[in-house]
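Shown next, in structure tokens, is the structure this report addresses.
Proteins come first, then strands; the chains are lettered A, B, ... in the order of their sequence lines, and each starts at number 1. Since this is a predicted model, take the numbers as computed values, not measurements. Hydrogens, waters and symmetry mates are skipped; everything else that's a heavy atom, side chains included, is used.
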2 protein chains.
Amino acid sequence: MLELAILGFLYDAPLHGYVLRRHIAALTGHVRPVAESTLYPAIKRLEKAGLLARATEPGAVAAPRHVLTLTEEGRQELRRRLADPGQREITDENHWFTLLAFLRHLDDPAAQAAVLRRRLAFLEEPASFFYDGDRPLAAEELDDPFRRGVLKIARATSRAELAWLRDTLASLEAVGR
Amino acid sequence: MLELAILGFLYDAPLHGYVLRRHIAALTGHVRPVAESTLYPAIKRLEKAGLLARATEPGAVAAPRHVLTLTEEGRQELRRRLADPGQREITDENHWFTLLAFLRHLDDPAAQAAVLRRRLAFLEEPASFFYDGDRPLAAEELDDPFRRGVLKIARATSRAELAWLRDTLASLEAVGR
DNA sequence: CGAAGATACCTCGGGTTCGATGTATAACGG
DNA sequence: CCGTTATACATCGAACCCGAGGTATCTTCG
């Protein structure tokens, strides 16, 4: 998820670590803050893997900074990760939102639609958080107001996302025709 | 999050690892599956910390199994974690839902309300995923349909949750009077 | 001029997570 | 009776993440 965000932001323009960090904080920081000691090693990993290159520049404001640029392999890797995401990227909202934030970088509408359809399939399969044996429980069947809340909120999210997915898929398919 | 789920499920009744695993899979597994190699060490950690005790029983169906029971410290620890959750538990939906699933175990309505109010405060502060400098961007201002989707879905979730939080807080306060 | 704060990057250690793999037992279908 | 599946638990190594702490520069305010 972190690596996807790094690749995604750098796909648009070269950035140095500090600015990159603020971009990531804006995207996911209110939900899941990312520590410096996680970001910098991640940058190193990606550099070591040949996905990005760094150039040292005298700092505009303070200490010298490392401007990060995606290599051609890095650009390919981002497109690969967007087109063929792992299951966690589909099911976990945090990961999914990060993916959506950069899905435009996949320039083929059919490939974008394929990713949205995977999410659609996931949301369409009946799933609850609470079960009576194998039978999923509806909100109304629960005594616990907090568990009822979980279901109500999840259902509202699901409805909104399903509507958006169907709309967006329709317009992506309209482009293809 | 995993430890909270373990403590939460065992608070109701002693369980052995295998059943516990299926409970956790039902609760969060569709979004974020938990590997066996994460669960069993977690159980060991909690046991080592004195929060739960295990008793070996001959397996009803197959191999012998370890029935896990919360100790008094374990029960206190769950209530402590529910009453005074970390910031991640408040901001990250996955963690928050896990916490909500067990919040009923906190039997003081005022303490439950205090937790809900922390979530309310978090949701009420204006936050976006995308910014123009410091200014949060509205969905309508974005060209990217996928980023628009992120905002639309997040807004729908937020609306539903705010409504539920206010309702539930009102009824919790009614109990207190 | 000196303290505070923002910019900018880094390392280390401890802890968590996961995939792969291993070990048993029992039930069930063919 | 034999392979598959489900039950039931465990270990190992690699990877990842975080908090704490460190280094250095520049600006701003008193």
*Counting only non-hydrogen atoms, which of residues 8-32 of chain B are less than 4.0 Å from DNA chain C?*
none

Could you pull out all donor-acceptor pairs under 3.5 Å where a side-chain atom in residues 15-31 of chain B meets a protein atom, sequence neighbours excluded?
from	atom 1	to	atom 2	distance (Å)
B:H23	ND1	B:V19	O	2.9
B:T28	OG1	B:I24	O	3.3

*Assess the pair A:F102 and A:Y11: is the distance between their ring centroids shorter than 6.0 Å?*
no

Is there any protein nitrogen or oxygen under 3.5 Å from a nitrogen or oxygen in nucleotides 11-13 of chain D, and what are the pairs?
from	atom 1	to	atom 2	distance (Å)
D:dT11	OP1	B:K44	NZ	3.0
D:dT11	OP2	B:K44	NZ	2.5

_Rounded at 0.5 Å granularity, tell me how far CG in A:L52 sits from CG in A:L68._
5.5 Å

*Between A:E161 and A:R119, is the closest basic N to carboxylate O distance under 4.0 Å?*
yes

*asked:* Rounding to an integer number of Å, can you tell me how far B:R88 CZ sits from C:dT16 C1'?
replied: 12 Å

_ring-ring contact (aromatic ring centres under 6.0 Å, His included) involving A:F130 - partner list, sequence neighbours excluded_ = none

*Over all atoms of both residues, closest heavy-atom pair of B:A42 and B:L2*: CB-CD2, 3.7 Å

_If I compare all heavy atoms of B:T71 with all of B:A53, which pair ends up nearest, and what's the gap?_
CG2-N, 4.1 Å

*Is the closest basic N to carboxylate O distance between A:E124 and A:R166 below 4.0 Å?*
yes

*Please report, rounded to the nearest Å, how far the P atom of C:dG15 is from the NZ atom of B:K48.*
9 Å

*With the 4.5 Å side-chain cut-off for hydrophobic clustering, are B:L70 and B:M1 part of the same group?*
no

*Measure from the side-chain heavy atoms of B:H66 and tell me the nearest of D:dC9, C:dT17, C:dC18.*
D:dC9

_So that I can tick it off, tell me whether A:D12 and A:R104 are bridged by a salt bridge, with the cut-off set at under 4.0 angstrom between side-chain N and carboxylate O._
yes

_In whole Å, I'd like the distance from the CD atom of B:E3 to the C1' atom of C:dT16._
9 Å

_Using five pairs at each end of the helix from C:dC1-D:dG30 to C:dG30-D:dC1 to define an axis, what is the angle between those two axes, to 10°?_
30°

_Closest-nucleotide 5' rank along DNA chain D - winner of A:M1 and B:I43_ = B:I43

*asked:* Does D:dC17 have OP1 or OP2 under 4.0 Å away from a side-chain N or O of A:R45?
replied: yes

*To the nearest Å, give me how far apart CG (B:L2) and C1' (C:dT16) are.*
10 Å

*What's the shortest heavy-atom distance between A:A139 and A:L151, and which atoms?*
N-CD1, 3.5 Å

*Roughly how many Å is it from CG in B:L4 to P in C:dT16, rounded to a whole number?*
15 Å

*So, is A:R54 close to the C:dC10 phosphate, meaning a side-chain N or O under 4.0 Å from OP1 or OP2?*
yes

Donor-acceptor contacts, no H, no angles, side chain residues 80-88 of chain A, under 3.5 Å, sequence neighbours left out:
from	atom 1	to	atom 2	distance (Å)
A:R80	NE	A:E77	OE1	3.3
A:R80	NH2	A:E77	OE2	3.0
A:R81	NE	A:E77	OE2	2.7
A:R81	NH1	A:E3	OE1	3.1
A:R81	NH2	A:E3	OE1	3.1
A:R81	NH2	A:E77	OE2	3.4
A:Q87	OE1	A:R118	NH2	3.0

*A:E57 has an atom CD; how far is it from atom C1' of C:dC9, in whole Å?*
15 Å

*Would you mind reading off the distance between B:E47 atom CD and D:dC9 atom P, rounded to a whole angstrom?*
12 Å

*Give the rounded distance in Å between these two atoms: CG of A:L68 and C1' of C:dC10.*
14 Å

